[in-house]
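Atoms considered below: every heavy atom in the structure, side chains included; atoms not considered: hydrogens, waters and symmetry mates. Order of the sequence lines fixes the chain letters, A, B, ..., with proteins taken first and strands second; residue numbering starts at 1 for each chain.
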2 protein chains.
Amino acid sequence: MTSCETCVVRNRAICAGLDNNEISALNAIGRRRTVTPGESLIWEDDDSLLVANVIEGVLKLTTSTEDGREQIVGVAYPSDFIGRPFGQTSSASVVALTDARVCVFSRNDFDRFAREHPELEHKLLERTLAELDRTRSWMMLLGRKNASEKIATFLLEMSDRLAEVGCTPAFGPAKRFSLPFSRQQVADVLGLTIETVSRQFTKLKNDGVIELPSRREVEIVDRIGLQALAG
Amino acid sequence: MTSCETCVVRNRAICAGLDNNEISALNAIGRRRTVTPGESLIWEDDDSLLVANVIEGVLKLTTSTEDGREQIVGVAYPSDFIGRPFGQTSSASVVALTDARVCVFSRNDFDRFAREHPELEHKLLERTLAELDRTRSWMMLLGRKNASEKIATFLLEMSDRLAEVGCTPAFGPAKRFSLPFSRQQVADVLGLTIETVSRQFTKLKNDGVIELPSRREVEIVDRIGLQALAG
DNA sequence: CGCGCTTTTTGATATCCGTCAAGGCCGTGG
DNA sequence: CCACGGCCTTGACGGATATCAAAAAGCGCG
């Protein structure tokens with residue numbers, strides 16, 4: 001079995017299901033790249049020139065208004081696919097939150113390869129459908145939840161996603177984890193201000209639901225309580 | 001050219017690109033159905049048993065919290081695809097807003113057919129990617145826009161989408177159109193309350209930006225002004 | 001250790017929007 | 001024609017969250 005250098009992370013990669021020749025061909029058109037926190041890979045409204053697979057690290061997908069308000073519309077973890085295949089422009093910017101390794105493809109090359117490999121397109125479709133589900137459930141949060149419900153939901157989701165992606169030693173949701181987000185970025189995910197985020201974190205700590213060992217570290221002390229708050 | 005009875009609406013249908021035999025086969029597994037306003041086709045969190053193509057009419061996709069708060073996470077127009085292929089459960093309910101005609105498929109049948117017809121899967125992928133783009137730009141609205149920006153953005157989007165779908169005689173954005181939404185449903189799209197929606201409509205009318213000939217009718221008087229408000 | 005910078009927290013105040021309540025509009029049916 | 005019921009509008013009020021401001025906490029670095 002030829003290993004897929006471009007995208008393999010456990011068995012969630014888009015190349016799962018391709019045969020050896022196909023994997024070699026995909027390797028041939030991909031190029032590894034590293035990005036550092038704050039560095040952009042893709043710009044909103046720019047021509048969609050490249051797509052990529054995340055190998056390691058966490059990146060944010062954002063949209064902004066002209067007057068500088070920002071909304072984080074998605075978060076990409078290892079094995080996630082980023083960029084806009086089969087489209088002229090990207091609808092979101094992609095910026096690294098941590099040091100990250102990705103495998104980038106020219107969009108044209110990738111589109112052509114995908115069209116010739118239905119199994120890959122199918123994987124891409126499954127992921128896109130799953131991402132759409134996740135995005136829709138986030139709309140519920142943005143439109144209908146209050147600040148404390150938003151924070152509780154966010155912490156539970158982070159705990160699940162970071163565990164899933166292997167950022168914690170054992171499986172299952174992580175009790176303690178390191179946030180890849182600053183307070184401002186948490187606010188940009190939840191549609192809140194940094195002050196409201198800070199106050200809600202403090203409240204959860206005072207109520208004994210979480211511990212905050214350092215700025216980026218979170219420990220979930222009372223998961224049941226947090227789930228009740230998330231609604 | 002065999003006509004695709006299941007889904008053809010202009011050239012946006014998912015079966016565009018299939019050959020005659022394929023279209024016949026697709027026709028064979030689909031079944032036409034009508035739904036009336038308020039009637040559900042798909043229930044949130046239920047097993048994903050069917051998918052469908054909208055032939056005529058408008059439907060809403062919603063998610064709800066246990067305590068009854070509702071968020072409309074998408075709107076399906078003619079030629080749109082609804083339901084969750086390749087997944088165990090649906091993440092949203094689908095309910096008709098107007099009288100609608102749809103072509104339903106058993107999800108199993110459709111999944112099998114799609115996997116055997118890469119061209120169809122490709123179309124589905126393109127639509128899903130486009131829907132994800134639209135959904136993400138709606139997250140910006142929910143998280144970061146205020147009530148008047150939300151309403152302005154909503155009216156402009158409605159005007160575009162209804163025109164696109166052929167609900168108005170001429171092409172281009174519709175100057176005047178009939179909302180398929182009640183005030184409560186507009187509120188559920190925008191993450192507002194019915195009272196706030198009503199007040200914003202009244203304000204736009206008083207400012208001479210729109211006319212409201214009847215409860216469901218909207219006429220855009222000052223599109224430029226509306227665009228400025230949308231931000 | 002102290003200095004300067006950024007990020008976060010905390011406090012005071014303002015404001016937008018939600019909530020509650022009443023009244024108006026309009027289609028439907030007696 | 002009037003009465004009814006659903007939907008919409010309007011008003012008064014309060015509260016959650018934004019805004020503005022300043023202090024505190026980290027953190028790198030000399």
Side-chain angles (χ1 to χ4, degrees), chain A residues 36-38 60 65 67-71 97-98 140-155 178-207 210-218 229 231, chain B residues 36-38 60 65 67-72 97-98 140-155 178-207 209-218 229 231:
Chain A
T36 55
K60 64 173 181 176
T65 53
D67 61 347
R69 284 173 285 178
E70 178 169 320
Q71 176 67 45
L97 294 176
T98 64
M140 171 79 233
L141 173 144
L142 288 173
R144 292 299 186 198
K145 290 191 177 179
N146 64 27
S148 80
E149 291 171 319
K150 284 180 177 180
I151 295 283
T153 307
F154 170 79
L155 289 175
S178 182
L179 279 180
F181 299 101
S182 70
R183 292 289 184 270
Q184 180 60 59
Q185 286 159 352
V186 174
D188 291 339
V189 172
L190 299 176
L192 297 171
T193 59
I194 183 173
E195 295 94 333
T196 300
V197 171
S198 178
R199 279 186 251 268
Q200 293 291 335
F201 269 67
T202 303
K203 181 162 192 321
L204 287 176
K205 189 179 68 178
N206 292 341
D207 292 351
I210 61 171
E211 277 302 318
L212 298 170
S214 77
R215 288 183 166 181
R216 292 292 184 119
E217 297 283 320
V218 178
L229 286 172
Chain B
T36 55
K60 65 173 180 175
T65 53
D67 60 349
R69 284 173 284 178
E70 178 168 320
Q71 176 68 45
I72 295 182
L97 294 176
T98 65
M140 171 79 233
L141 173 144
L142 289 173
R144 292 300 185 198
K145 290 192 177 179
N146 63 27
S148 81
E149 292 171 319
K150 284 181 177 178
I151 294 284
T153 307
F154 171 78
L155 290 174
S178 182
L179 279 180
F181 300 100
S182 70
R183 293 289 185 271
Q184 181 60 60
Q185 287 159 352
V186 175
D188 290 339
V189 173
L190 299 177
L192 296 172
T193 60
I194 184 173
E195 295 94 333
T196 300
V197 171
S198 179
R199 278 186 252 268
Q200 293 292 334
F201 270 64
T202 304
K203 182 163 192 318
L204 287 176
K205 189 179 69 177
N206 292 341
D207 292 352
V209 179
I210 61 171
E211 279 300 318
L212 299 170
S214 78
R215 287 181 168 182
R216 293 290 185 121
E217 297 286 318
V218 178
L229 286 171

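Expressed to the nearest 0.5 Å, how far CG of Leu97(B) lies from CG of Leu179(B) amounts to 10.5 Å. Annotation: the span from Gln184(A) atom CD to Ile194(A) atom CD1 amounts to 5.0 Å, rounded to 0.5 Å.
A heavy-atom distance below 4.5 Å is found between the side chains of Leu229(B) and Leu204(B). With contacts defined as side-chain heavy-atom distances shorter than 4.5 Å, the pair Gln200(A)/Leu192(A) does not qualify. No side-chain heavy atom of Thr65(A) sits under 4.5 Å from any side-chain heavy atom of Arg144(B).
Glu195(B) meets the salt bridge (charged side-chain N to carboxylate O under 4.0 Å, His left out) test with no other residue; sequence neighbours excluded. Residues forming a salt bridge (charged side-chain N to carboxylate O under 4.0 Å, His left out) with Arg69(B) (at least two apart in sequence, or on another chain): Glu149(A), Asp67(B). Every residue was checked against the side chain to side chain donor-acceptor pair (under 3.5 Å) condition with Ser198(B), not counting sequence neighbours, and none meets it. With sequence neighbours excluded, the residues forming a side chain to side chain donor-acceptor pair (under 3.5 Å) with Lys203(A) are Asp207(A), listed by chain and number.
Projected onto DNA chain C by closest heavy-atom contact, Arg144(A) and Glu195(A) fall at different nucleotides, the more 5' of which corresponds to Glu195(A). Checking Arg199(A) against Phe201(B), the closest nucleotide of DNA chain D that is more toward the 5' end is the one next to Phe201(B). Looking at which nucleotide of DNA chain D each of Thr202(B) and Ala147(A) is closest to, the 5′-most match is held by Thr202(B).
Counting any heavy atom pair closer than 4.0 Å across all strands shown, Ser182(B) reaches sugar-phosphate atoms only and no base atom. Here Ser198(A) lies in heavy-atom contact (under 4.0 Å) with a base.
Ile194(A) has its CD1 atom 13 Å from the C1' atom of dA18(D), to the nearest Å. Between Arg69(B) atom CZ and dG18(C) atom C1' the separation is 13 Å, expressed in whole Å. Spacing between atom CZ of Arg183(A) and atom C1' of dT6(C) amounts to 14 Å, rounded to whole angstrom units. Here dC27(D) presents its P atom at 11 Å from CD of Glu217(A), a figure rounded to the nearest Å. Computed from coordinates, the Gln184(A) CD to dT9(C) P distance equals 12 Å when rounded to whole Å.
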Find every protein N or O atom lying less than 3.5 Å from an N or O atom of nucleotides 23-28 of chain C, and list the pairs.
unit_1, atom_1, unit_2, atom_2, d
dC25(C), O2, Arg215(B), NH2, 3.0

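Note on Thr196(A): every side-chain N or O is 4.0 Å or more away from OP1 and OP2 of dT17(D).
When the local axes at the two ends of the helix from dC1(C)-dG30(D) to dG30(C)-dC1(D) are compared, using 5 base pairs at each end, they differ in direction by 30° after rounding to 10°.
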